[in-house]
Amino acid sequence: MSKPTVLIVEDSPDISQPIADALRFADFNTLQAYNAVQGLQFASEHRPDLILMDIQLPDLDGLSAAGTLKSDPAVKHIPIVAMTAYDVAGDQAKAISRHCVGHAQKPIRPRDLVNLISAVLRLRSDPAPRPAPRTPRK
């Protein structure tokens, strides 16, 4: 089985590079795009297994880019996880939930992000998710 590929769309190399390093260490392939237009192009060309999308990008906001991806039949199946530098509430939360399967608040701990991505990909690949096993109470 091949390694899953994650497209990281983040304009700051200081943020995207540690994320890419952590994901590669966890046995993922990574692609890095530094703006929304490049991210849209990479998604179309490479068809990654998951997209990490920064919400505040210099050329086009991440939610608009996510909306564009979800309207394209060729890539609309790719799960998107939004990355935000602030708490999500109200209209922002609704907008994220419309296009994304989840969000992660920056600064992002690499282990937490790897766990989130792994969980999203597991759910996506399991056609009939089963309830999580319960831990017996003492």
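Each residue takes its place number in the sequence, starting with 1.
Contacts classified as salt bridge (charged side-chain N to carboxylate O under 4.0 Å, His left out) and involving residues 22-41 (residues at least two apart or in different chains) are given here: K3-D27, D21-R24. Contacts classified as ring-ring contact (aromatic ring centres under 6.0 Å, His included) and involving residues 2-28 (residues at least two apart or in different chains) are not found. Pairs of residues two or more places apart, or lying in two chains, that qualify as ring-ring contact (aromatic ring centres under 6.0 Å, His included) and include a residue from residues 35-62 are F42-H46.
Put simply, I51 and I117 are part of two different groups of oily side chains (I, L, V, M, F, W, Y) that touch within less than 4.5 Å, one to the next. No path of Ile, Leu, Val, Met, Phe, Trp and Tyr side chains, each step under 4.5 Å between heavy atoms, connects V101 with V75, placing them in separate hydrophobic clusters. Y34 and L23 fall into different hydrophobic clusters, where Ile, Leu, Val, Met, Phe, Trp and Tyr are joined by side-chain heavy atoms under 4.5 Å apart, directly or via other members.
The two atoms that bring L7 and A43 nearest to each other are CD2-N, 3.8 Å, heavy atoms only. The two residues D49 and P4 have their closest heavy-atom pair at OD2-CA, 3.2 Å. Closest heavy-atom contact between A26 and V114: CB-CG1, 3.7 Å. The heavy-atom pair separating L116 from H103 by the smallest distance is CD2-O, 4.3 Å. Between Q32 and S16, the shortest heavy-atom contact is NE2-OG, 3.1 Å.
Between C100 and V81 the shortest side-chain heavy-atom distance does not fall below 4.5 Å. Looking at V6 and N29, their side chains never come closer than 4.5 Å, going by heavy atoms from C-beta outward. I15 is not listed as a side-chain neighbour of I108, based on a closest heavy-atom distance of 4.5 Å or more. Contact annotation: the side chain of L31 approaches that of T5 to within less than 4.5 Å [non-hydrogen atoms, C-beta and beyond].
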Problem set entry | Evaluation steps, side-chain contact (heavy atoms from CB on, under 4.5 Å), between I78 and L69 | CA-CA 8 Å; I78 300 171; L69 290 167; over 6 Å; no
Below 3.5 Å, can you tabulate the donor-acceptor pairs from side chains in residues 52-60 to any protein atom, sequence neighbours excluded?
from : atom 1 : to   : atom 2 : distance (Å)
D54  : OD1    : Q56  : N      : 3.4
D54  : OD1    : K106 : NZ     : 2.9
D54  : OD2    : K106 : NZ     : 3.4
D59  : OD1    : A36  : N      : 3.0
D59  : OD2    : A36  : N      : 3.3
D59  : OD2    : V37  : N      : 3.0

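Checked against side chain to side chain donor-acceptor pair (under 3.5 Å), S64 has the following partners two or more places apart in sequence or in another chain: D61. With sequence neighbours excluded, the residues satisfying side chain to side chain contact (heavy atoms under 4.5 Å, CB included) with D112 are R109.
Panel note: side chain S44, backbone Q41; no donor-acceptor pair is recorded below 3.5 Å.
Between the CD1 atom in I80 and the NZ atom in K76 there is a gap of 12.5 Å [rounded to 0.5 Å].
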